[in-house]
Amino acid sequence: KFLMRYKNHSAVESTFQGLRPAVVGLLAAAALLLMNEENFGNISKTPWQFWISVGLVCFAMIAHRVYKTNPILIMLLCGITGMLLF
């Protein structure tokens, strides 16, 4: 109730504008931490695992951006595909 009451107040708007870059930075840091050999494989040792992982990432991006698919459904599909292929 409090946020809905004061959402148009300048202090609240300024606070949320200041938080946006921090949220983007935290999400980027988490994504970079997950881009490791355990998750993507090594292109010289297991190229098929690497390219399947890259394909799943591309599928997820296209499904979300182009087809506006629900993110939960995308995560489930990628998780099931990863479990079946690996």
Side-chain angles (χ1 to χ4, degrees):
K1 285 184 173 182
F2 184 79
L3 178 61
M4 296 307 290
R5 185 173 182 185
Y6 294 106
K7 69 179 180 180
N8 294 327
H9 194 272
S10 64
V12 174
E13 288 178 353
S14 298
T15 301
F16 281 116
Q17 282 182 341
L19 287 175
R20 281 189 194 124
V23 171
V24 170
L26 288 171
L27 288 172
L32 288 173
L33 285 173
L34 290 173
M35 289 185 197
N36 55 26
E37 189 172 332
E38 289 86 22
N39 290 329
F40 275 85
N42 189 338
I43 194 164
S44 61
K45 293 179 185 174
T46 54
W48 59 273
Q49 183 180 7
F50 176 79
W51 290 112
I52 289 173
S53 299
V54 170
L56 285 174
V57 169
C58 291
F59 161 76
M61 288 177 52
I62 291 170
H64 181 66
R65 292 282 183 175
V66 176
Y67 297 109
K68 308 292 187 225
T69 307
N70 187 344
I72 296 172
L73 178 62
I74 294 171
M75 287 188 285
L76 285 173
L77 290 174
C78 288
I80 291 169
T81 304
M83 286 189 328
L84 290 174
L85 293 176
F86 298 117

Item to check | L19, CG atom: more than 12 neighbouring heavy atoms under 6.0 Å | outcome: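 For L19, atom CG is crowded (more than 12 foreign heavy atoms under 6.0 Å).
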Is there a path of hydrophobic side-chain contacts, each under 4.5 Å between heavy atoms of I/L/V/M/F/W/Y residues, joining [Y] to [X]?
X: I74; Y: I62; answer: no
X: W48; Y: L85; answer: yes
X: V54; Y: M61; answer: yes

Atom pair [atom1]/[atom2] of [X] and [Y] - distance to nearest 0.5 Å:
X: M35; Y: L33; atom1: CE; atom2: CG; answer: 10.0 Å
X: N42; Y: F50; atom1: CG; atom2: CZ; answer: 9.0 Å
X: L32; Y: L27; atom1: CG; atom2: CG; answer: 11.0 Å
X: E37; Y: T46; atom1: CD; atom2: OG1; answer: 7.5 Å

Heavy-atom closest pair, residues [X] and [Y]:
X: P21; Y: G18; answer: CD-O, 3.4 Å
X: I43; Y: P47; answer: O-CB, 3.4 Å
X: C78; Y: L56; answer: SG-O, 3.9 Å

Next on the checklist: Check the orientation of Y6 and F2. Use parallel for under 30°, tilted for 30 to 60°, and perpendicular for over 60°.
Outcome noted: tilted
Checklist entry - T69 side chain to A63 main-chain N or O, any donor-acceptor pair under 3.5 Å? => result yes
Next on the checklist: Between F59 and L77, does the side chain to side chain contact (heavy atoms under 4.5 Å, CB included) criterion hold? Intermediate values first, please.
Outcome noted: CA-CA 10 Å; F59 161 76; L77 290 174; 4.2 Å; yes
